[in-house]
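Following: one structure in structure tokens, then a few remarks.
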Amino acid sequence: MPAQAARGPRASRAERNTATRDRILAAAERLFAEHGVYAVSNRQVGEAAGQGNTAVVGYHFGTKTDLVRAIIRRHSEQIERIRERLLADVGDSPEVRDWVACLVRPIPEHLDGLGAPTWYARFSAQVMTDPALREIMIEESLTSPALHRILDGLNRCLPALPVEVRIERGDIGRHLMVHVIAERERALAEGTPTPRATWHDAASGLIDALVGVWLAPVTQP
């Protein structure tokens, strides 16, 4: 009985810590999305999370870089599951569009599943435009086995594309994905009109555009 009684308070503390971390992550994601990562202090994040202790963010997450990484990981598991499902559907497809769809659809589908409002797309845009933080997003993306398989599948469909053009178009595609999705998220949060009615349709439009990027003619030097 004493051992059971001791486990109770420990479990309660663990649950409180988990709840506090979740509130901090949600508050930080929103504030970073709306104002930029370096414009927001740990104190502001703590206040937005309903925490009176100004050191609570550092206690749970360490540096701001650690906090950014934790926000990314908060979403990565669900996004990876969507990638895996899409990969199972395309198999060994020879179609560029199928592989571009595997690249594009996971994040819009994830955001759609979260319900409005969301902040992750705008948070990602803030991180990707910051030289000191974008490497975190890239590092975390490269831990995705599904993403590597998608990129391999896309590359197999474009054997004649020169390496330098492949790199260039990959950069173009990444910028379009990050900022088009973030812009739609912003419009939804502000209640302004969007070109497409749903996240699914918005992803289809982005896929169309990116297929055109990948299959565009190459000007020879």
Side-chain angles (χ1 to χ4, degrees), residues 29-30 32-34 71-72 75-130 134 137-138 140-142 144 146-158 160-161 165-219:
E29 184 178 323
R30 175 175 62 81
F32 292 165
E34 293 176 341
I71 294 170
I72 296 169
H75 295 271
S76 60
E77 183 178 344
Q78 178 59 31
I79 293 170
E80 185 74 355
R81 282 201 293 266
I82 298 170
R83 287 191 187 118
E84 292 284 357
R85 193 193 74 235
L86 294 171
L87 273 169
D89 290 341
V90 302
D92 294 323
S93 173
E95 300 296 326
V96 169
R97 183 181 180 86
D98 288 339
W99 296 104
V100 172
C102 287
L103 280 176
V104 171
R105 289 206 182 275
I107 291 178
E109 183 175 325
H110 174 59
L111 296 174
D112 195 24
L114 293 176
T118 60
W119 292 276
Y120 186 62
R122 286 169 288 166
F123 161 81
S124 298
Q126 295 280 6
V127 170
M128 287 300 290
T129 53
D130 186 289
R134 70 189 301 271
M137 183 71 80
I138 293 170
E140 290 297 319
S141 296
L142 292 177
S144 162
L147 183 57
H148 284 286
R149 288 161 57 199
I150 292 167
L151 294 174
D152 287 345
L154 179 59
N155 286 330
R156 285 197 303 272
C157 295
L158 299 163
L161 205 61
V165 177
R166 196 186 303 271
I167 294 169
E168 179 182 59
R169 293 185 181 182
D171 288 341
I172 292 169
R174 183 169 60 251
H175 285 297
L176 281 174
M177 285 176 57
V178 168
H179 294 289
V180 169
I181 294 172
E183 180 60 21
R184 174 177 168 80
E185 184 185 68
R186 180 202 61 76
L188 291 175
E190 295 177 357
T192 56
T194 58
R196 306 274 183 147
T198 67
W199 274 114
H200 184 273
D201 291 347
S204 296
L206 185 53
I207 292 164
D208 291 342
L210 289 176
V211 169
V213 168
W214 280 105
L215 296 180
V218 178
T219 301

For [X], side-chain contact (heavy atoms from CB on, under 4.5 Å) partners two or more places apart:
X	value
Asn155	Arg166
Thr198	His200, Asp201
Ala187	Thr192, Thr194
Leu176	Ile172, Val180, Leu206, Leu210, Val213

List the atom of [X], the atom of [Y], and the distance in Å for their closest heavy-atom pair.
X	Y	result
Ser93	Cys157	O-SG, 4.0 Å
Ala33	Gln126	O-NE2, 3.4 Å
Leu86	Ala101	CD1-O, 4.2 Å
Ile71	Tyr120	O-CE1, 4.2 Å
Leu103	Met177	O-CE, 3.2 Å
Arg122	Ala182	CG-O, 3.7 Å

Atom [atom1] in [X], atom [atom2] in [Y]: separation rounded to 0.5 Å?
X	Y	atom1	atom2	result
Glu109	Ile82	CD	CD1	4.0 Å
Arg105	Arg85	CZ	CZ	10.0 Å
Glu190	Arg186	CD	CZ	4.5 Å
Trp214	Arg169	CH2	CZ	8.0 Å
Ser124	Arg134	OG	CZ	13.0 Å

(request) Taking the side chain as every heavy atom from C-beta outward, state whether Leu158 and Trp99 have any atom pair closer than 4.5 Å. (result)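 They are not in contact (no side-chain heavy atoms under 4.5 Å apart), so the answer is no.
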(request) Applying side-chain contact (heavy atoms from CB on, under 4.5 Å), run through Glu168 and Leu161 and close with a yes or a no. (result) CA-CA 11 Å; Glu168 179 182 59; Leu161 205 61; over 6 Å; no
For [X], check side-chain hydrogen bond (donor to acceptor under 3.5 Å, both in side chains) against everything at least two apart and list the hits.
X	value
Ser141	none
Glu95	none
Arg156	none

(request) Answer yes or no: is there a donor N or O on one side and an acceptor on the other, between the side chain of Arg184 and the main chain of Arg196, under 3.5 Å? (result)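 A pair under 3.5 Å: yes.
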(message) Check whether Arg83 reaches the backbone of Ser144 with its side chain - one donor and one acceptor, N or O, closer than 3.5 Å.
(response)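 Checking the backbone N and O of Ser144 against the side chain of Arg83, no donor-acceptor pair under 3.5 Å is found.
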(message) Is it the case that over 12 heavy atoms from other parts of the model lie below 6.0 angstrom from the CD atom of Glu77?
(response)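 Atom CD in Glu77 is not packed in, count stays at 12 or less.
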(request) Could I get the full list of salt bridge (Lys or Arg N to Asp or Glu O under 4.0 Å) partners for Asp171, not counting sequence neighbours? (result)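 Partners of Asp171 under the salt bridge (Lys or Arg N to Asp or Glu O under 4.0 Å) test: Arg174.
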Side-chain donor-acceptor contacts of residues 146-154 below 3.5 Å, not counting sequence neighbours, with atom names and distances?
residue	atom	partner	partner atom	Å
His148	NE2	Leu142	O	2.8
Arg149	NH1	Glu84	OE1	3.1

(request) Not counting sequence neighbours, list each pair that qualifies as a salt bridge (charged side-chain N to carboxylate O under 4.0 Å, His left out) and has a residue in residues 202-214. (result)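 Listed once each, the pairs are Arg97-Asp208.
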Identify each donor-acceptor pair in which a side-chain atom of residues 110-118 lies under 3.5 Å from a protein atom, sequence neighbours left out, and give them as a table.
residue	atom	partner	partner atom	Å
His110	NE2	His75	ND1	2.8
Thr118	OG1	Glu185	OE2	2.6

(request) Kindly write out the residues that satisfy ring-ring contact (aromatic ring centres under 6.0 Å, His included) with Phe32, not counting sequence neighbours, or none if the list is empty. (result)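 Residues passing ring-ring contact (aromatic ring centres under 6.0 Å, His included) with Phe32: none at all.
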